[in-house]
Amino acid sequence: MKVFTTLGREKKEFVPQEAGKVKMYVCGVTLYDECHLGHGRAYVAFDVMRRFLESRGYKVIYVQNFTDIDDKIIKKSQEEAKEEKEIPGKIKEIVARYKEAYFRVMDQLNIKRADIYPCATDHVSCMIEMVGKLVEKGFAYEKGGDVFFSVEKFPSYGKLSGKNLEELLPGARVGKDEKKKNPLDFVLWKSAKPYEPSWDSPWGKGRPGWHIECSVMSMEYLGETLDIHGGGEDLIFPHHENEIAQSESYTGRPFARYWIHNGFVKISGEKMSKSLKNFFLLRELLEEFDPRVLRLYLISTHYRNPLDFQIENIKSVANSWQRIEEACLKAEEMLGGEKVEKLPATLYFKNFQQAMEDDFNTPRALGALFDLVGELNRRLSRGEKDAETFSLYGDLKEMLDILGFPLPQREHLSPELEKLIQQREEARKNKNWAEADRIREILKSKGILLKDTPQGTVWRRF
RNA sequence: GGCGGCGUAGCCAAGUGGCAAGGCAGCGGCCUGCAAAGCCGCGAUACCCCGGUUCAAAUCCGGGCGCCGCCUCCA
């Protein structure tokens with residue numbers, strides 16, 4: 001299978017370091033606010049990659065961090081706290097609040113939990129150790145309680161983002177910091193300000209810079225070289241560039257084999273972001289849409305392409321999902337009780353797999369899925385309960401599982417409603433259409449839609 | 001200014017040298033007591049524009065136009 005890596009901007013054959021094992025690290029969120037659709041897109045994308053790799057037999061170790069100490073969190077705590085001494089407690093509260101909110105929406109989207117969710121504040125001593133080593137080795141320097149990484153000491157600085165130091169300097173909107181030798185040097189350790197959380201270090205009280213946490217935590221749990229390091233494309237520079245610089249200076253080895261970055265969600269052409277205030281919160285979208293519909297919407301564009309959000313488009317995807325769900329329910333009704341041996345993978349499944357093997361091409365994979373749905377429907381409408389039909393249904397379930405969709409389940413109706421349906425059957429037998437329609441209306445008002453099929457009447461919620 | 005990306009039917013979206021996947025919406029038909037679902041059929045003589053290479057280009061090359069991202073925190 002081929003995977004596009006940002007480092008070199010090319011599709012590369014996917015070969016993990018250890019056969020059969022994939023070490024995957026995805027940059028998580030900073031716990032200072034709720035997640036919007038953009039976050040959903042990123043984590044759904046990586047969830048699908050993980051699920052597909054697992055379906056190919058890889059043992060995937062998935063690590064995703066939480067940033068629980070950072071300027072924005074501190075700022076929020078200052079806004080919410082009444083007195084300065086409340087700040088530390090407030091930070092804990094904020095971090096807990098948004099972590100909970102994170103899981104609430106991501107669980108709804110059926111995103112598999114990571115194997116480990118390390119938090120920055122639990123790894124400060126390791127960060128101090130790494131920063132110390134970088135100073136010792138001459139890659140970093142201390143100035144007034146801050147420690148900076150010296151980008152000039154890392155010759156290949158810029159290799160991920162396709163930039164170089166000469167180009168970066170002139171147009172750089174880099175804030176001037178008198179302490180920095182080079183404006184592009186980035187902070188590894190920040191000296192503490194009053195009432196900010198801080199840790200003791202060889203450079204005095206302070207806290208870690210942002211980039212260092214991912215280097216330390218990924219190496220802690222996955223070793224010096226990751227197979228996949230992922231995140232949103234806005235993290236390419238400076239975050240991931242800086243991670244490479246500090247990690248590779250520290251270990252002398254490549255930091256990650258494949259750098260995977262997802263494209264943005266845009267709102268009428270512009271990036272969805274907190275600062276533009278044009279974001280849609282997942283919590284709110286999930287109040288309006290079925291999480292499976294949202295997931296389908298998010299994977300209907302290739303993960304590297306921009307996704308221009310329009311509420312109307314989600315609505316049309318809701319209809320697409322109906323088609324899939326309807327096929328599953330119908331197949332379950334017809335085949336559920338049957339025992340037929342499944343044949344090897346159908347052509348549709350092979351096409352699906354091929355699409356996924358080509359840099360996780362979910363739109364193409366969905367094409368194969370819908371092709372299968374069409375064939376399955378044809379067979380079901382002919383009442384063919386043979387091995388071929390059974391296999392199609394089996395493959396469909398497999399595809400849905402790989403894409404992370406919970407399988408549509410048949411529900412049960414209350415006995416009263418079941419009785420109504422039986423009464424209607426009687427009425428229909430007697431060609432009492434008025435009564436039949438009356439009962440159908442009653443059920444409709446309760447959100448139940450009846451469908452009279454050659455195999456009998458079935459119902460659906462709508 | 002530097003680097004990167006996007007522009008395919010009404011909408012969404014694959015395809016990156018050889019007759020333009022798939023989904024939604026729409027139209028006609030079959031099925032149905034009527035419906036719903038499903039099935040069958042119909043849609044780009046053409047892929048932002050202009051040149052070029054080629055037997056052959058949406059796909060390669062050159063030049064434009066429009067939009068966006070990164071270069072500051074950001075999935």
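This one's a predicted model, so the numbers in the text were calculated from it and none came from an experiment.
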**Request:** For A/L235, report the nucleic acid contact type (base, sugar-phosphate, nothing); a contact means any heavy atom under 4.0 Å.
**Result:** sugar-phosphate
**Message:** How many whole angstroms separate atom CG of A/L396 from atom P of B/G38?
**Reply:** 14 Å
**Item:** Atom-pair distance (CD1 on A/I267; P on B/A75), nearest Å
**Value:** 16 Å
**Asked** Looking at RNA chain B, which of residues 375-383 of chain A put a heavy atom within less than 4.0 Å of it?
**Response** A/N377, A/R378, A/S381
**Message:** So, using side-chain contact (heavy atoms from CB on, under 4.5 Å) as the criterion, who are the partners of A/N305 when residues are at least two apart?
**Reply:** A/T301, A/H302
**Item:** Euclidean distance for P, B/A25 against B/U32 (whole angstrom)
**Value:** 24 Å
**Request:** Apply side-chain contact (heavy atoms from CB on, under 4.5 Å) to A/K11 and list each qualifying residue two or more places apart in sequence or on a separate chain.
**Result:** A/K2, A/F4, A/R304, A/D358, A/D359
**Asked** Quick one: which of A/D47, A/L53, A/D115 gives a side-chain contact (heavy atoms from CB on, under 4.5 Å) with A/Y62?
**Response** A/D115
**Qualifying residues under side-chain contact (heavy atoms from CB on, under 4.5 Å), relative to A/V29, sequence neighbours excluded** = A/L31, A/C35, A/H39, A/Y43, A/F66, A/Y102
**Prompt:** Across the strands shown, which category fits A/D234 at heavy-atom distances under 4.0 angstrom: base, sugar-phosphate, nothing?
**Reply:** base
**Distance flag, aromatic centroids of A/H240 and A/H261, threshold under 6.0 Å** = yes
**Asked** Is the NZ or CZ atom of A/R379 positioned over A/F390's six-membered ring, under 6.0 angstrom from the centre and within 45° of the axis?
**Response** no
**Complete:** Using Watson-Crick geometry (N1-N3 plus N6-O4 or O6-N4) or G-U wobble (N1-O2, O6-N3), each under 3.5 Å, B/C11 is paired with B/G23
**Asked** Any idea which of B/G22, B/C24, B/A75 is nearest the A/R323 side chain?
**Response** B/C24
**Item:** nucleotides 4-13 of chain B: protein proximity per nucleotide (B base, S sugar-phosphate only, - neither; heavy atom, under 4.0 Å)
**Value:** S------SSS
**Prompt:** Excluding sequence neighbours, so at least two apart, what forms ring-ring contact (aromatic ring centres under 6.0 Å, His included) with A/F309?
**Reply:** A/F280
**Request:** Between B/A35 and B/G28, how far apart are the P atoms? Round to whole Å, please.
**Result:** 13 Å
**Asked** With a non-hydrogen cut-off below 4.0 angstrom, is A/V458 in contact with a base, only sugar-phosphate, or nothing?
**Response** nothing
**Request:** Apply salt bridge (Lys or Arg N to Asp or Glu O under 4.0 Å) to the pair A/R440 and A/D437, showing each step before the final yes or no.
**Result:** CA-CA 5 Å; A/R440 189 162 61 186; A/D437 290 348; 3.3 Å; yes
**Prompt:** So what does A/G374 hit on the nucleic acid, given a heavy-atom distance under 4.0 Å: a base, only sugar-phosphate, or nothing?
**Reply:** sugar-phosphate
**Sub-4.0 Å heavy-atom contacts from residues 36-47 of chain A onto RNA chain B, ordered by number** = A/H36, A/G38, A/H39, A/A42, A/Y43
**Item:** Euclidean distance for P, B/G10 against B/C47 (whole angstrom)
**Value:** 13 Å
**Complete:** Mate of B/C31 across any strand shown (Watson-Crick or G-U wobble, both atom pairs under 3.5 Å) is none
Which pairs, protein N/O on one side and nucleotides 32-35 of chain B N/O on the other, fall under 3.5 Å?
{"residue": "B/G33", "atom": "O6", "partner": "A/R424", "partner atom": "NH2", "Å": "3.3"}
{"residue": "B/G33", "atom": "N1", "partner": "A/D437", "partner atom": "OD1", "Å": "2.9"}
{"residue": "B/G33", "atom": "N2", "partner": "A/D437", "partner atom": "OD1", "Å": "3.3"}
{"residue": "B/G33", "atom": "N2", "partner": "A/D437", "partner atom": "OD2", "Å": "2.7"}
{"residue": "B/C34", "atom": "O2", "partner": "A/R440", "partner atom": "NH2", "Å": "2.5"}
{"residue": "B/C34", "atom": "N3", "partner": "A/R440", "partner atom": "NH1", "Å": "2.8"}
{"residue": "B/C34", "atom": "N3", "partner": "A/R440", "partner atom": "NH2", "Å": "3.2"}
{"residue": "B/C34", "atom": "N4", "partner": "A/D452", "partner atom": "OD2", "Å": "2.9"}
{"residue": "B/A35", "atom": "N6", "partner": "A/D452", "partner atom": "N", "Å": "3.3"}
{"residue": "B/A35", "atom": "N6", "partner": "A/D452", "partner atom": "O", "Å": "2.6"}
{"residue": "B/A35", "atom": "N1", "partner": "A/D452", "partner atom": "N", "Å": "2.8"}
{"residue": "B/A35", "atom": "N3", "partner": "A/R440", "partner atom": "NH1", "Å": "3.3"}

**Item:** Interatomic distance at C1', B/U59 relative to B/C19, whole Å
**Value:** 15 Å
**Asked** Using purine N1 to pyrimidine N3 plus N6-O4 or O6-N4 for Watson-Crick, or N1-O2 and O6-N3 for G-U wobble, both under 3.5 Å, which nucleotide pairs with B/G18?
**Response** B/C55
**Message:** At 4.0 Å (heavy atoms only), tell me whether A/F264 reaches a base, stays on the sugar-phosphate, or touches nothing.
**Reply:** base
**Residues that A/K163 engages under salt bridge (Lys or Arg N to Asp or Glu O under 4.0 Å), provided they are two or more places apart** = none
**Message:** Holding to salt bridge (Lys or Arg N to Asp or Glu O under 4.0 Å), I want the full list of residues that pass it with A/E34, two or more places apart in sequence or in another chain.
**Reply:** A/R283
**Message:** Does A/K431 reach a base, just sugar-phosphate, or nothing at all? Heavy atoms under 4.0 Å.
**Reply:** nothing
**Asked** Looking only at atom C1', what distance separates B/U16 and B/C73, rounded to whole Å?
**Response** 36 Å
**Request:** Walk me through it: do A/Y297 and A/W321 pass the test ring-ring contact (aromatic ring centres under 6.0 Å, His included)?
**Result:** CA-CA 9 Å; A/Y297 173 69; A/W321 173 254; over 10 Å; no
**Request:** Using the closest heavy atom to pick a nucleotide of RNA chain B for each, name whichever of A/K11 or A/K330 lands nearer the 5' end.
**Result:** A/K11
**Message:** Run the salt bridge (Lys or Arg N to Asp or Glu O under 4.0 Å) test against A/E288 and tell me which residues pass, sequence neighbours left out.
**Reply:** none
**Message:** From C-beta outward on A/P238, which listed nucleotide comes closest to its side chain: B/G38, B/A75, B/C73?
**Reply:** B/C73
**Message:** Within the 4.0 Å heavy-atom criterion, would you say A/G232 contacts the bases, only the backbone, or no part of the nucleic acid?
**Reply:** sugar-phosphate
**Asked** Whole-Å distance between B/A75 C1' and A/L298 CG?
**Response** 12 Å
**Request:** Describe the nucleic acid contact of A/K274 in one word from base, sugar-phosphate, nothing, applying a heavy-atom distance below 4.0 Å.
**Result:** nothing
**Asked** Which value, in whole Å, describes the distance between the P atoms of nucleotides B/A58 and B/C48?
**Response** 10 Å
**Message:** Going by side-chain contact (heavy atoms from CB on, under 4.5 Å), name the residues that satisfy it together with A/P118, two or more places apart in sequence or in a different chain.
**Reply:** A/V63, A/N65, A/I116, A/H123, A/M217, A/Y221
**Asked** What is the base-pairing partner of B/A37, counting Watson-Crick and G-U wobble geometry with both distances under 3.5 Å?
**Response** none
**Request:** Tell me the partner of B/C6, counting only Watson-Crick (N1-N3 plus N6-O4 or O6-N4) or G-U wobble (N1-O2 and O6-N3) with both under 3.5 Å; none if nothing fits.
**Result:** B/G66
**Request:** Please measure how far the C1' atom in B/G69 lies from the corresponding atom in B/C24, and state the result in whole Å.
**Result:** 28 Å
**Message:** Taking only the P atom of each, what is the distance from B/C68 to B/A56 in whole angstrom?
**Reply:** 38 Å
